[in-house]
Amino acid sequence: MAHRILMQVVFTGAQVFGKAFVQAYKQAAASSAAQATSAAAKEGGISLQESCSILNVRSEALKAEEIKARYDHLFNVNSKEKGGSFYLQSKVFRAKERIDKELAKHEPSRNGGASAGATGS
């Protein structure tokens, strides 16, 4: 009889511990995702996806010339002198700023590989 009660206590304890562990894991995963999102927002103010959407470019094929052309057009169209919105103009500016940061991150790796090969010769 005591053996049966002891086993019930062990199984109940294991169930409680298992549920608590699963809940703690879910909470930690949600917290980690929230921190990653806020880190991305702190980096450029807006996400890369939002920046690409504002400038109407694809994030897979970021080309500096295309970004500059779209930026110039949207910035000029939204200028206050032409009756545009300062808010939209600043969104366009922040979008280009964020994409420029992303391009700068990838630029050294491209140039670094080419210059490393040149210095090794």
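Atom set for the values below is all heavy atoms of this structure, side chains included, hydrogens, waters and symmetry mates excluded. Please read all numbers here as calculations on a predicted model, not as lab measurements. Start at 1 with the first residue, then count along the sequence.
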*Full working for side chain to side chain contact (heavy atoms under 4.5 Å, CB included) between Arg58 and Cys52*: CA-CA 6 Å; Arg58 291 187 2 207; Cys52 291; over 6 Å; no
*Any link between Leu62 and Tyr71 through a network of hydrophobic side chains (Ile, Leu, Val, Met, Phe, Trp, Tyr) touching at under 4.5 Å?*
yes
_Nearest 0.5 Å, please: how far is CD in Gln89 from OG in Ser85?_
8.5 Å
*Check: Glu50 and Lys91 side chains under 4.5 Å, non-hydrogen atoms*: yes
*Indicate, with yes or no, if Leu103 and Leu74 share a hydrophobic cluster defined by side-chain heavy-atom contacts under 4.5 Å among Ile, Leu, Val, Met, Phe, Trp and Tyr.*
yes
*Side-chain heavy atoms under 4.5 angstrom apart, residues restricted to Ile, Leu, Val, Met, Phe, Trp, Tyr: same cluster for Phe75 and Leu88?*
no
*Hey, is the main chain of Asn76 close enough, under 3.5 Å, to the side chain of Ser79 for a donor-acceptor pair?*
yes
_Glu65 with Lys68: basic N within carboxylate O range, under 4.0 Å_ = no
_Euclidean distance, Ser51 OG relative to Glu102 CD, rounded to 0.5 Å_ = 9.0 Å
*Could you give the distance from CG (Leu6) to CZ (Phe11), rounded to the nearest 0.5 Å?*
10.0 Å
*asked:* For Glu66, is the CD atom crowded, meaning more than 12 foreign heavy atoms sit under 6.0 Å from it?
replied: yes
*For the atom pair CZ (Phe17) and CZ (Phe21), what is the distance rounded to the nearest 0.5 Å?*
7.0 Å
*For Gln27, does its backbone N or O pair with a side-chain atom of Ser31 as donor and acceptor, under 3.5 Å?*
no
*Which heavy atom in Ile46 sits nearest to a heavy atom in Arg98, and how many Å separate them?*
O-NE, 3.2 Å
*Between the main-chain N or O of Gln49 and the side-chain N or O of Ser53, is there a donor-acceptor pair closer than 3.5 Å?*
no
*Considering non-hydrogen atoms only, spot the tightest contact between Leu55 and Arg70 and give its length.*
O-CD, 2.8 Å
*Give, for atom CG of Asn78 and atom NE2 of His73, the distance between the pair rounded to the nearest 0.5 Å.*
8.5 Å
